[in-house]
K.L.:
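Here's a structure for you.
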Number of protein chains: 4
Amino acid sequence: MHSAVPARKRRKEARPSELLSAALTLFVEKGYAATRLEDVANLAGVSKGTLYLYYANKEALFKAVIQEGIVPVIVENEEIAARHTGSSFSLLEKLLDHWWNRIGCTAYAGIPKLMVAEAQNFPEIAAYYYANVIARARALVGAALQRGMESGEFHRHDIELTIDVVIAPVLMLLIWEFSLGQFQNTATNPRDYLAVHMKLLQQGLCVARV
Amino acid sequence: MHSAVPARKRRKEARPSELLSAALTLFVEKGYAATRLEDVANLAGVSKGTLYLYYANKEALFKAVIQEGIVPVIVENEEIAARHTGSSFSLLEKLLDHWWNRIGCTAYAGIPKLMVAEAQNFPEIAAYYYANVIARARALVGAALQRGMESGEFHRHDIELTIDVVIAPVLMLLIWEFSLGQFQNTATNPRDYLAVHMKLLQQGLCVARV
Amino acid sequence: MHSAVPARKRRKEARPSELLSAALTLFVEKGYAATRLEDVANLAGVSKGTLYLYYANKEALFKAVIQEGIVPVIVENEEIAARHTGSSFSLLEKLLDHWWNRIGCTAYAGIPKLMVAEAQNFPEIAAYYYANVIARARALVGAALQRGMESGEFHRHDIELTIDVVIAPVLMLLIWEFSLGQFQNTATNPRDYLAVHMKLLQQGLCVARV
Amino acid sequence: MHSAVPARKRRKEARPSELLSAALTLFVEKGYAATRLEDVANLAGVSKGTLYLYYANKEALFKAVIQEGIVPVIVENEEIAARHTGSSFSLLEKLLDHWWNRIGCTAYAGIPKLMVAEAQNFPEIAAYYYANVIARARALVGAALQRGMESGEFHRHDIELTIDVVIAPVLMLLIWEFSLGQFQNTATNPRDYLAVHMKLLQQGLCVARV
DNA sequence: TATGAATGAGTATTCATTCAT
DNA sequence: AATGAATGAATACTCATTCAT
């Protein structure tokens, strides 16, 4: 009678994030359609019915998974950029670093792959994601590039295209990790990969100081 | 070898590729799970039952879609590399160019995104794809990089990581086009994007000739 | 018997009838199956759990709704008949009048339609309703008809069938009001309808006094 | 190998009416909500999936059940009225007779009770039923009454209310039969019931010919 | 070969009921 | 007594697959 684990735990506060975490895991692992809500509930340690107390349906759960977690990091990076004073290249490094610590090495790392896989099926959510994550990240990088080109720190290139080249490998890293990367026998070390990316970027972008 | 093959026969032999083409379209557009075989059959202009005369089941159709089309291009690129004589950078350009003409601007362009989205659900197919497409493409790029570094044309970097940095933007371009790229209001021009990619690559990789 | 009963206590005793009233409203409006107990509880201003303190389950609540309310009116009509002294037709008028005042123009008016709709699903309750409402009402009307025929006031007809003809329009009125009557653009006035019913009945039943 | 009953019978033509008939039976017996589509399918001798080949969903099946069967009878009665030449009362008799033969003693007899029970849950269908069955039946009876009153055959009464009094017992008979009538130990004989109804109607309506 | 009617396993969702607080 | 979080049985509906024609 002491601390017998109660069959029915009451934890209204904690439920949403437990469910979201379980849903993220399974959505990333199996994709939206192949994820059974009962499995999500079980992984979160509750029954099917309980899930519906917190999320109206599967799509609502999916939306919550996407909206949660990444947007705050963009906000933080916007603040980092606003406060930055050093070289433009070091700003790019800071932004990348923050993204990695808050997304890349956390459970949220699977979201980009999930969003890419399901974009066509959830245009509304994809549009939201594009506007609130992608577009804002691009604006941040674009501003840093602009600043660097104006100060003579960077070579001049088309800004939009350069943004793509800067961001793509970072996104690709995460997408890869949750898809075909699993079949690579020698897994790439993400930190090394990013280091090389930055190194090449530096050589490609920065005007050599003779 | 005459061209007097009866229309009916020709039709019959064309069926698989009509089905494959329809399946590719829908798999890319909706994902594996959300694609209904009846829709595939209708798009190919046959009945549901007919599809089963050619492919044992949905998974077999998916395998065929993936296996078809891309592997031959890798073979062609291997031949291009074997015959190549100029600079290592120009080899990279040739390989990219061929890939673009045979995949990037064709219906097969959607396969990378499809494979990324479904890799976890079809480990066997993903492994096949990894071994026959990814690994071989990496080997080609790796050999070109190795050659360039040995000849002094390229800076020395870790080969594996550099391969990632070379390939990632190319893959990303296609993945993007079939996912979140749809929500970008100013669509990136793929050729411009690739040109910038190569330009940065050149600046990052190549030793400056004073 | 003081009126100093504490508010809380009074509230508690009122619960069952508040629940019954809410249940009657919703059962009549939506039918048994489509009525959610949570809605009943909410309409009664209590929580779902509280409902179960008073009624063991949905069926028990349904039984209580049916048993409550109508049986007492039959008892009252039996007393009216016992005390009656005038013409047999005026007794029929009195019985109808009482029924109308105690059922027809109250919230209980919906019960006949509800009982008709659910009779097959709840044979036990339907049998109870038949025995305690229908059969006793028929006996009352039958006795009045018998008396009138014996006294020469009414034409002679088969009693049982005549009972049907007398009662049917009255029941129909209520059933209609809670079903298809809602779609009639010119709603029938119930009092006028009953007046015509009685008029025709008089003409059909009563021997003309030349 | 001779006439082994095929597990899968192909009978596209016959299916809809078989399904409709099974659905009518169960909807009338259990009500809309309590009827399981699998039971409907089984009663029709097919599987769940087959039902969906013919009706998009439960509601569509319900609609089809209601729309089927009764409307044609109204049309027939309209033709009977148009061709009629004798007394107005004999027209009423003809209309009733036809209704009884085509609805009252067939499987469609359960529809009025079904419609009454579900009217609130399917306002759209109820409105359709009201417009195409009830309103047209009332118009027919109303015209007969009007004609009789104008010719001096009938007493003058308010037409609308008299329509109610004429129709109500006929509807009530069927509603009763499929609900509480089941609990009556001495089942009323429908034909006798209708005969008394007409008799009383005649006495109530018709001007005595001295 | 080709068809498309038929099947039934599988899943999202609802809601009566329970029970710890 | 009262609450409302949690449960899980039940059912509508989908769609890959089969098979008689």
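As a basis for the values below, the full set of heavy atoms in this structure was taken, side chains included, without hydrogen atoms, waters or symmetry mates. Order of the sequence lines fixes the chain letters, A, B, ..., with proteins taken first and strands second; residue numbering starts at 1 for each chain.
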K.L.:
Would A/Lys63 and A/Phe122 count as a cation-pi pair here, with the cationic atom under 6.0 angstrom from the ring centre and within 45° of the axis?
P.N.:
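Not satisfied by the 6.0 Å and 45° rule.
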K.L.:
Rounded to whole Å, please give me the gap between CG in C/Leu37 and C1' in F/dT3.
P.N.:
16 Å
K.L.:
Using every non-hydrogen atom in the two residues, find where D/Gln120 and C/Phe178 come nearest and quote the distance to one decimal.
P.N.:
NE2-O, 2.9 Å
K.L.:
Rounding to an integer number of Å, can you tell me how far A/Asp39 CG sits from E/dT13 C1'?
P.N.:
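Result: 16 Å.
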K.L.:
Rounded to the nearest Å, what distance is computed from the NZ atom of residue B/Lys48 to the C1' atom of nucleotide F/dT17?
P.N.:
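Roughly 9 Å, once rounded to whole Å.
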K.L.:
Rounding to an integer number of Å, can you tell me how far D/Arg15 CZ sits from E/dT7 P?
P.N.:
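Atom CZ in D/Arg15 sits about 6 Å away from atom P in E/dT7.
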K.L.:
Using Watson-Crick and G-U wobble pairs whose two distances are both under 3.5 Å, how do you write the pairing of DNA chain E as dot-bracket, with | for links to another strand?
P.N.:
.||||||||||||||||||||
K.L.:
Report the distance from atom OH of A/Tyr52 to atom P of F/dA5, rounded to the nearest whole Å.
P.N.:
18 Å
K.L.:
Toward the 5' end of DNA chain E, which comes first, C/Glu38 or A/Glu59, by nearest nucleotide?
P.N.:
A/Glu59
K.L.:
Is D/Ser47 close enough to E/dA6 that one of its side-chain N or O atoms is under 4.0 Å from OP1 or OP2 there?
P.N.:
no
K.L.:
In whole angstrom, give the distance that lies between atom CG of D/Asn57 and atom P of E/dT13.
P.N.:
16 Å
K.L.:
In whole Å, I'd like the distance from the NZ atom of B/Lys30 to the P atom of F/dA16.
P.N.:
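Checked: the NZ to P distance equals 12 Å.
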K.L.:
So which heavy atom on A/Tyr108 is nearest to which on A/Pro112, and how close?
P.N.:
O-CD, 3.9 Å
K.L.:
Return the value, rounded to whole Å, for the distance between atom CZ of C/Arg36 and atom P of E/dT13.
P.N.:
16 Å
K.L.:
Pick one: which of D/Asn57, D/Asn121, D/Leu114 meets side-chain contact (heavy atoms from CB on, under 4.5 Å) with D/Phe62?
P.N.:
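Of D/Asn57, D/Asn121, D/Leu114, side-chain contact (heavy atoms from CB on, under 4.5 Å) with D/Phe62 is met by D/Leu114 alone.
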